[in-house]
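The shown structure was predicted, so the numbers you read here are calculated from the model rather than taken from an experiment. Reminder, nothing fancy here: chain letters follow the sequence lines and each chain counts from 1. Atom set for the values below is all heavy atoms of this structure, side chains included, hydrogens, waters and symmetry mates excluded.
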Amino acid sequence: MSFQAPKGTFDWLPPRSERVLAVREALVAPVRQAGYGYVETPTFEDTELFKRGVGESTDVVTKEMYTFEDKGGRSLTLRPEGTASVVRAVLQHSLHNGRLPVKLWYSGSQYRYERAQRGRYRHFWQVGAEALGAEDPALDAELIVLAWRGYADLGLRDVTLLLNSLGDKECRPAYRAVLVEFLRKLDLDEATRARIDINPLRVLDDGRPEVQAQLAGAPLVVDHLCEACKAYHEEVRLLLSDSGVPFTDDPKLVRGLDYYTRTTFEFVHGGVGSQAAIGGGGRYDGLSEMLGGPPLPSVGWALGVDRTILAMEAEGLLDDESDARVQVYGVPLGSDARRRMFRLVEELRTAGIGTDMAFGGRGVKGAMKGADRSGARFALILGERDLAAQAVQVKDLTTAEQTEVPLAEVVEILKGKLQ
RNA sequence: GUGGGCGUAGCUCAGUUGGCAGAGCGCCAGGUUGUGGUCCUGGAUGUCGGGGGUUCAAGUCCCCUCGCUCACCCCA
């Protein structure tokens, strides 16, 4: 084998690949039902968009971007996340001058240059939803409820919703100062010390036990929220409770992208290796302005498709059975029969019946084996004898019962049998 | 970027103190010259990840390298 998928990437193959489609659909169905419209943006953008949008201090920007120069000398980057692109598209096309909020969803590939491990790949898939241009706790709650229902519809049981508020431009600076003062006194490695100055909140999110131990008495943002943020957060919590969506307050939930304000949340699951998050998001009231747009308070999330599938596998929700894609399978014997079968197969498909046939000039035995493996309910056997009689043998593969029916009627008869 | 584990058939893996490369599953064919799934019989498939070294002899020991994988950091 001379070629393989690039490091950190992988192929989806049947029958697992079918699950990708199903999971994507299930995750976005609640959002579509809630009036969100589909948006598709380029898989690469101006590098500067991500630097400004995601944040120069984030790991995503400093070490995980696939950046390249095109033939015109522009610096482009494969998108590491979806929100910055969506905001850019909204601003570029002035969607924010219309009815607010602008509600959009997307589904597609994302790219981050990382060392791959279970649940974390260089090429991965997210579905996302964004509601732009409204400051309303009901919008935060709506998105969370919709994501929650997406997971529930897939049958996931062990999803935990973590919730926090990061404050806004009123209260965050004061909190930040208190936090920095606290963090400076700790015994931390150099990289973490540097982070104190760049984005001290993210130190709270450090997963290392030796760091967490020192953070036991750290000042928490919930204790420093201004009245407006506090009221906003309480309303989000109330709406979630009223909706029957259980959540866990996590005062140290910060998340790795710089643009978040107020509400942040994460859906975590134990079945995806050490990558607990299968989805996450939050409010990003300042992002539009960072990208040169007008104030556009917004909220959104992204759900990891491949991580969701890992979570489903961990819960035993993906049995690989029933790979059947067709209901009927044609077994032609001889070249005349083969031509007639080719037409018949097309007639069946046109009639809405999933149909395949034996290709490759195999014998009857091989063709019947193909019929069996296709998962089809019926095999249609057509040989010279049948052709002469203008008939075809219909074999029920579950009972081995075989009947001869007129060729002219077989489509209608199969339609009846398959109802 | 850092650390651990693993590379043998399409897949999952065995391979003893260094001594003719194997099993199960899958695949193909036959048993049934027009009938699958069960059963029986037979068959094909390997640069043992790659390169170098030690040795009469290397899948096995040593060195280098590539790849995969898990974890750290971080994130979906």
Please tell me if A:Gln393 has a side-chain N or O lying less than 4.0 Å from either OP1 or OP2 of B:rG34. no
Assign the ring pair A:Phe267 / A:Phe265 to parallel, tilted or perpendicular, where the plane angle (0 to 90°) is split at 30° and 60°. perpendicular
Under 3.5 Å donor-acceptor pair, A:Lys63 side-chain atoms to B:rC73 base atoms: yes
Assign a letter to each nucleotide of nucleotides 37-48 of chain B from its 5' end: B, base within under 4.0 Å of a protein heavy atom; S, sugar-phosphate only; -, no contact. B-----------
Nucleotide B:rA76, atom C1' - distance to OH of A:Tyr259 in whole Å: 11 Å
In this structure, which one of A:Arg88, A:Lys51, A:Arg52 forms a salt bridge (charged side-chain N to carboxylate O under 4.0 Å, His left out) with A:Glu45? A:Arg88
Whether A:Tyr38 and A:Trp105 hold their rings parallel, tilted or perpendicular, with breakpoints at 30° and 60°: tilted
Identify whether any heavy atom of A:Ala277 sits under 4.0 Å from a base atom; if not, whether one sits that close to sugar-phosphate; answer base, sugar-phosphate or nothing. sugar-phosphate
Could you tell me whether the side chain of A:Arg115 has a donor or acceptor atom within less than 3.5 Å of a complementary atom in the base of B:rC74? no
Under 4.0 Å, counting only non-hydrogen atoms across every strand here, what does A:Arg307 touch: a base, just sugar-phosphate, or nothing? base
Just wondering, are more than 12 heavy atoms of other shown residues or ligands nearer than 6.0 Å to CD in A:Glu181? no
To the nearest angstrom, the CD-P distance between A:Gln4 and B:rG7 comes to 17 Å
Strictly by modelled atom types, are A:Asp356 and A:Ser374 linked by a side-chain donor-acceptor pair under 3.5 Å? no
Between B:rG51 and B:rU60, how many Å separate the two P atoms, rounded to a whole number? 12 Å
Measure the acute angle between the ring planes of A:Tyr175 and A:His224, then classify it against the limits of 30° and 60° as parallel, tilted or perpendicular. tilted
So, does A:Arg195 get its side chain near the phosphate of B:rC74, meaning an N or O under 4.0 Å from OP1 or OP2? yes
Atom C1', compared across B:rC73 and B:rA14: separation rounded to whole Å: 38 Å
